[in-house]
Every structure is written in structure tokens, then in C-alpha cells.
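Written below as C-alpha cells is the structure these notes are about.
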Amino acid sequence: MRYLPKLQQLKVFQQVIRSGSIRGAARAMNQSQPAVSRTLRELEQTLDTKLIVRGHQGMTLTETGRAFAQRMQFILEELERAAEEIQQINQYSQGSVAIGFSSLLALTVFPALNEEFKTQFPQSKLLIKEGQLSVLLPALREGKLDFAVGTAGPGFPLEDLVREPLFTAPFGIIARRGHPLANATRLEELQDARWVLPETDMGYYQQLQLAGGFYLAGSETPVRTDSVVCGLNMVLQSDYLTVLARAMRAPFGLHEPLCLLNIDTLPQAEYCVLYSQKSPLTFAARRFLDLLRHQCQSYDWS
């Protein structure tokens, strides 16, 4: 290839894909249709390939068009991140960080972590997405998250990501005080229990399902939810059991209503932080991750 595509050509191609037509792209970019068509032809000439086919049913991407679109999107996102990082370094106190983690971090280290980060970056923007790692991975790969924290067990495709161990947390079975099974000491006693569990089949909860001797079938199918408020309320207001990190047994300052069953056969959870191999972390994201490491290392997870 003699020449590389111009940035404006990439932006026009991106907008044509988003709008689904030349007319829509021209309207969105406040340009004339002939100008958009001309830019698109110049891009195809530079790449020496046809990117778009126009037919009776509208516009469709060719095979090379689809391949180029994926690479192009990554390039544009990286340029935006690079420009933002330069601005962050120049201004230092500003920046944005988008992270994803489960309710464990939200209910333990995050408040102190946020205060420490905001002291260093008072004008920064924080976007927090709460969920299991199986839900967070697509957003991480699409560049919507800087990094994600969770338990990555068998079945996670992580070849394109950096996986860094963060901390280990013991888990236990949680019930309301006065629950008929609150004094159980063996898993066998819970065979008829009612369960509310996170909505995931990967990570730590997949590990539980695969672990011999852990029985979750019971007389009812477990209720699945990614809402910690919904799950805890079902435990508090009914005879449901749940499996949580022991550090979460007193959420929101509630010490009395919940109890930890005296069953010590559950495996510990290995939490890790994941981020892209191809896309370097921004200045603000690196600082946030440094603070996160420190908070997790000094926190009492028991």
C-alpha cells in the first residue's frame, strides 16, 4: 500500500456504518452526500478494495469492508484514548476512568478508594459498572471499560487480556438470623434449602457448581439475580440462602439480621484484574489501579 488512509476518511466510513446510508452519514456529519461519497471512494482507492456494496435492500459491507471496519474502530478508539491521556498528563487533576467489578468491591474497598482517587484527581470522572466478570468482559473488549475485576475460572477466553492476581477472599453461606438452617454445620443439611445466587455460570460460582459435594439443586431452582440489593433482601425477608464473600456478611452496616453458617468447606475465590493487551491504560486508569492494588492488599477480607 503506497499511502495510508486519512483520519477523516476513517471517520466518514465509521459514520456511514453507523447511519446505514450515505444520506444518513452526510446528515450526521453536516456534509453533502457527494462529499461523503467522494471521501468513501478515495478510501476505497487508497485501500484498493471495495468496502461497501449498494443494492435494492440498502448498503452492505463487503468481506474486506467488515474486516477493515473492525481494525478501524480499534484505531479510532486508541486515538481518542491517546488524546485523552495527553490531556490528563497535562492537566493531571482531570481524567476519566471506567471500571467494572462485582458487589464485593462496591461494599468493601470502593468508598475509601474513591476518596483517595478524588483527592489526587478532583475533576476526574468515574464510571462504575457493577456485575459479574462474565457480563463485564464484552464491555472491556469493546473499550467501554479500562479494566475489570472479578473471578476468572475455567471457560473464560482471556487470550487477548492481561490477567493480574489481585487478592483472595474466603466465601461462606449467608442466612438471616433465625433461619431454620442457621445452625447447620454440613452441606448435606442444606439439600432442601432455597437459594438466591448471582446470574452467572462462570468464575467462582461455576467453580462451586463443579466442586464435588456442593449441593445447590434443592427442592427449587435457584433464583438468579445480578442485583445485590435484591438478593440480600430475599435473604433478609425470607428463608433464602446465598453464597457471598465473608467480607459482605455485614453489608450497609447491617450486623444483626444476617449470619454466616458454620460451614467451612467452600473454596476461596481468586480475584484478578483484567485489562487489554493491545490498549495501554490511560494515565488516570493506571493511577486508579495503583490505588486499588494498595487498598486490596491492606483490606481484611476475612
Quick one: pull up [atom1] in [X] and [atom2] in [Y] and give me the separation to the nearest 0.5 Å.
| X | Y | atom1 | atom2 | result |
| --- | --- | --- | --- | --- |
| Q297 | L166 | CD | CG | 7.5 Å |
| M234 | S227 | CE | OG | 10.5 Å |
| E78 | K278 | CD | NZ | 10.0 Å |
| L140 | Y275 | CG | OH | 11.5 Å |
| L105 | M248 | CG | CE | 10.0 Å |
| I22 | Q15 | CD1 | CD | 11.0 Å |

Say whether [X] and [Y] are linked into one hydrophobic cluster, either directly or through other cluster members, by side-chain heavy-atom distances under 4.5 angstrom.
| X | Y | answer |
| --- | --- | --- |
| V273 | V109 | yes |
| V135 | L127 | no |
| L291 | I128 | yes |
| M59 | V53 | no |
| Y240 | F171 | yes |

Closest non-hydrogen atom pair between [X] and [Y], with its separation:
| X | Y | value |
| --- | --- | --- |
| L133 | T151 | CD2-O, 3.8 Å |
| L104 | A169 | CD2-CB, 4.3 Å |
| I263 | R246 | O-NH2, 4.0 Å |
| E130 | A106 | OE1-CB, 4.3 Å |
| M72 | F13 | SD-CD2, 3.4 Å |
| L126 | N114 | CD1-OD1, 3.2 Å |

From CA spacing to verdict: side chain to side chain contact (heavy atoms under 4.5 Å, CB included), R176, D239: CA-CA 7 Å; R176 65 170 178 82; D239 285 339; 2.6 Å; yes
Plane angle bin for Y271 and F167 - parallel if under 30°, tilted between 30 and 60°, otherwise perpendicular: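 Plane angle under 30°, so parallel.
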Plane angle bin for W301 and Y299 - parallel if under 30°, tilted between 30 and 60°, otherwise perpendicular: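 Because their plane-to-plane angle lies in the 30° to 60° range, the rings of Y299 and W301 count as tilted.
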Atom CG of N183: over 12 foreign heavy atoms under 6.0 Å: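 Not more than 12 within 6.0 Å, no.
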NZ (K144) with more than 12 external heavy atoms under 6.0 Å: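 Open.
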Quick check: does any side chain N or O of [X] sit under 3.5 Å from a backbone N or O of [Y], one acting as donor and the other as acceptor?
| X | Y | answer |
| --- | --- | --- |
| T62 | K50 | yes |
| R66 | L61 | yes |
| Y204 | P267 | yes |
| R286 | L281 | yes |
| Q277 | E159 | yes |
| R224 | P198 | yes |
| D146 | I99 | no |
| R287 | A284 | no |
| S298 | Q295 | yes |

Are the side chains of [X] and [Y] in touch, meaning some heavy atoms are under 4.5 Å apart?
| X | Y | value |
| --- | --- | --- |
| L241 | I174 | no |
| I173 | L181 | no |
| F121 | F288 | no |
| L137 | L161 | yes |
| L7 | L79 | yes |
| L258 | L236 | yes |
| L274 | L136 | no |

Residues M29, Q8; criterion side chain to side chain contact (heavy atoms under 4.5 Å, CB included); working and verdict: CA-CA 11 Å; M29 302 186 76; Q8 181 61 20; 3.8 Å; yes
Stepwise side chain to side chain contact (heavy atoms under 4.5 Å, CB included) test for F68 and T49: CA-CA 10 Å; F68 183 71; T49 189; over 6 Å; no
Contacts of F74 that satisfy ring-ring contact (aromatic ring centres under 6.0 Å, His included) - sequence neighbours left out: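 With neighbours one apart ignored, the set is empty.
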side-chain contact (heavy atoms from CB on, under 4.5 Å) against Q73, all qualifying residues, sequence neighbours excluded: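 If we apply the side-chain contact (heavy atoms from CB on, under 4.5 Å) test to Q73, skipping adjacent residues, the hits are Q14, R18, E77.
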side-chain contact (heavy atoms from CB on, under 4.5 Å) partners of D160, counting only residues at least two apart: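 Partners of D160 by the side-chain contact (heavy atoms from CB on, under 4.5 Å) criterion, ordered by chain and then number, come out as R141.
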Steps toward side chain to side chain contact (heavy atoms under 4.5 Å, CB included) verdict (T64, L47): CA-CA 10 Å; T64 53; L47 297 173; over 6 Å; no
Residue of the set L197, V196, T242 for which side chain to side chain contact (heavy atoms under 4.5 Å, CB included) holds with V223: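 Among L197, V196, T242, the one meeting side chain to side chain contact (heavy atoms under 4.5 Å, CB included) with V223 is V196.
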Verdict with reasoning, R293 to E164, per salt bridge (Lys or Arg N to Asp or Glu O under 4.0 Å): CA-CA 10 Å; R293 292 189 188 103; E164 176 187 323; 2.5 Å; yes
